[in-house]
2 protein chains.
Amino acid sequence: MPELNLGLLLFIPYRAMETAVVADLARHGHHLSIAQARVFQRIGPDGIRPSELAEATQLTKQTLGSILDQLEKAGYVARTPDPADGRARVVTITRRGQELVDLSLPVVEEMERAWTEHLGPERTRQLREVLVDLREITDPFLD
Amino acid sequence: MPELNLGLLLFIPYRAMETAVVADLARHGHHLSIAQARVFQRIGPDGIRPSELAEATQLTKQTLGSILDQLEKAGYVARTPDPADGRARVVTITRRGQELVDLSLPVVEEMERAWTEHLGPERTRQLREVLVDLREITDPFLD
DNA sequence: TCACGATAGTCCGAAGTTCGGACTATATTG
DNA sequence: CAATATAGTCCGAACTTCGGACTATCGTGA
């Protein structure tokens, strides 16, 4: 077993989590693509501007716009004009989109539970703490 | 700052690493796409079969085949018949492909160094250890 | 106050990615 | 040795992504 680099080691469990969530959503009739899910999970309860979303997901504005089109068409998000800036819009989660959040949460929790069982509570806590710390130097969307 | 789920927290630094490597390769004239890079990084020194690669990367055989076509065309990998199985092939890294490995290594090391500086050596060591442990329950390609 | 550079978002078209389905060839198994 | 499984390929369609060009609005400095 060769020594994998830290990046790939991070990607493996991420992919496991993502796959589990998307598969569960599909079982409940919500067929999101990976691209759609990656965008959707970045939308918080307060909404977010498309350009911020583009930065957070590291997609271009065009790509993001196309994915938002789909999410909007499927009824998961809404785009409303930003009252504070005539050029901008705000993306928010609709009631139907909230279903995705509500369905995802238990899946994420179950997987985190499985990880905690394997690693032990202390090391799991440390993992989260380290990753949060790491955001300070790796997340392009921190302001 | 809302509490992000563990999956997303893992993805953020992964993406940072991936971006840094691909950007550096491009600076040296090697223009790999993200998809190509994700496949390439899974090829070890002993070579690997396309079907194993497909499983590891969670791509279908067709998608993987298409990406291998590109990597082969660009001269980074070679596909040779598997002497042990007439149906199979073995994907190996060519001399030109080895350049990618040699260029990537210092970039990965530099980023790991930056992370270590931020986190401290002990917590970085723990991070790697925890992630390696986690593979046991999250990596579809462990045999 | 207003011209001008910066920013938010969109439209268009091309290239790259991904997959489902169907297929051939080889291996394994009972 | 027939039946089934596995390795890989071809084809075509849908999705993803981006570069370039564009409009509208904002912010700023003279």
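Note on naming: letters A, B, ... go to the chains in the order of the sequence lines (proteins, then strands), and numbering restarts at 1 for each one.
A:Tyr76 and A:Phe40 have perpendicular rings, their planes meeting at more than 60° on a 0 to 90° scale where under 30° would count as parallel.
Within the structure, a side-chain polar atom (N or O) of A:Arg89 is placed less than 4.0 Å from OP1 or OP2 of C:dT10. Dashed line: the shortest gap from a side-chain N or O of B:Thr60 to OP1 or OP2 of C:dT18 is not under 4.0 Å. In this model, the phosphate group of C:dT17 is not approached by any side-chain N or O of B:Ser66 to a distance below 4.0 Å at OP1 or OP2. Considering only side-chain N and O atoms, A:Gln58 lies nowhere under 4.0 angstrom from the phosphate OP1 or OP2 of D:dT17. The side chain of B:Arg79 contributes an N or O atom lying less than 4.0 Å from OP1 or OP2 of D:dT9.
When distances run from any side-chain atom of B:Lys61 to the nucleotides C:dA8, D:dA7, D:dT16, the shortest one goes to D:dA7. Closest to the side chain of B:Arg87, out of C:dG9, D:dA24, C:dA27, is C:dA27.
We find that B:Asp82 and B:Arg87 are not joined by a salt bridge, their nearest charged nitrogen and carboxylate oxygen being 4.0 Å or further apart.
Atom CD of A:Glu55 is separated from atom P of D:dC18 by 14 Å (rounded to the nearest Å). Between the C1' atom of D:dG19 and the CG atom of A:Leu64 lies a distance of 16 Å, rounded to the nearest Å. One can place NE2 of A:His31 at 15 Å from C1' of C:dG20, the figure rounded to the nearest angstrom. Rounded to a whole Å, the CD1 atom of A:Ile67 is 18 Å from the P atom of D:dA14. A straight line from CG of A:Leu53 to P of D:dT16 spans 15 Å, rounded to a whole angstrom. One interatomic measurement links the two molecules: CG of B:Asp69 to P of C:dT17, which rounds to 12 Å at whole-angstrom precision. One interatomic measurement links the two molecules: CG of A:Leu59 to C1' of C:dT17, which rounds to 14 Å at whole-angstrom precision. One can place CD of B:Gln70 at 16 Å from C1' of D:dT9, the figure rounded to the nearest angstrom.
Along DNA chain C, the nucleotide closest to B:Arg38 and the one closest to B:Gly86 are compared, and the more 5′ of them pairs with B:Arg38. Comparing B:Arg49 and A:Asp85 along DNA chain D, the residue whose closest nucleotide (by nearest heavy atom) sits nearer the 5' end is B:Arg49. Of the residues near DNA chain D, B:Leu68 and A:Gln36, the one whose nearest nucleotide (by heavy atom distance) lies more toward the 5' end is B:Leu68.
Atoms CG and CG, from B:Leu127 and A:Leu9 in turn, are 8.5 Å apart once rounded to the nearest 0.5 Å.
Side-chain atoms of B:Gln62 and base atoms of C:dG21 include a donor and an acceptor less than 3.5 Å apart.
Each end of the helix from C:dT1-D:dA30 to C:dG30-D:dC1 gets its own axis from five base pairs, and the two axes differ in direction by 40°, given to 10 degrees.
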Below 3.5 Å, can you tabulate the donor-acceptor pairs from side chains in residues 22-29 of chain B to any protein atom, sequence neighbours excluded?
residue	atom	partner	partner atom	Å
B:Asp24	OD1	B:Arg27	NH2	3.3
B:His28	ND1	B:Asp24	O	2.9

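A donor-acceptor pair is defined here as one N or O able to donate and one able to accept, closer than 3.5 Å; such a pair exists between the side chain of A:Arg96 and the backbone of A:Ala74.
A:Ser66 and A:Thr63 share no side-chain donor-acceptor pair at under 3.5 Å. Side-chain contact check for B:Gln58 and A:Thr19: at least one donor-acceptor pair (N or O, by modelled atom type) lies under 3.5 Å.
At a threshold of 4.0 angstrom between heavy atoms, the contacts of A:Thr63 include nucleobase atoms, whether or not backbone atoms are also involved.
For A:Gln98, the CD atom counts as densely surrounded, since its 6.0 Å shell holds more than 12 non-hydrogen atoms of other residues, nucleotides or ligands.
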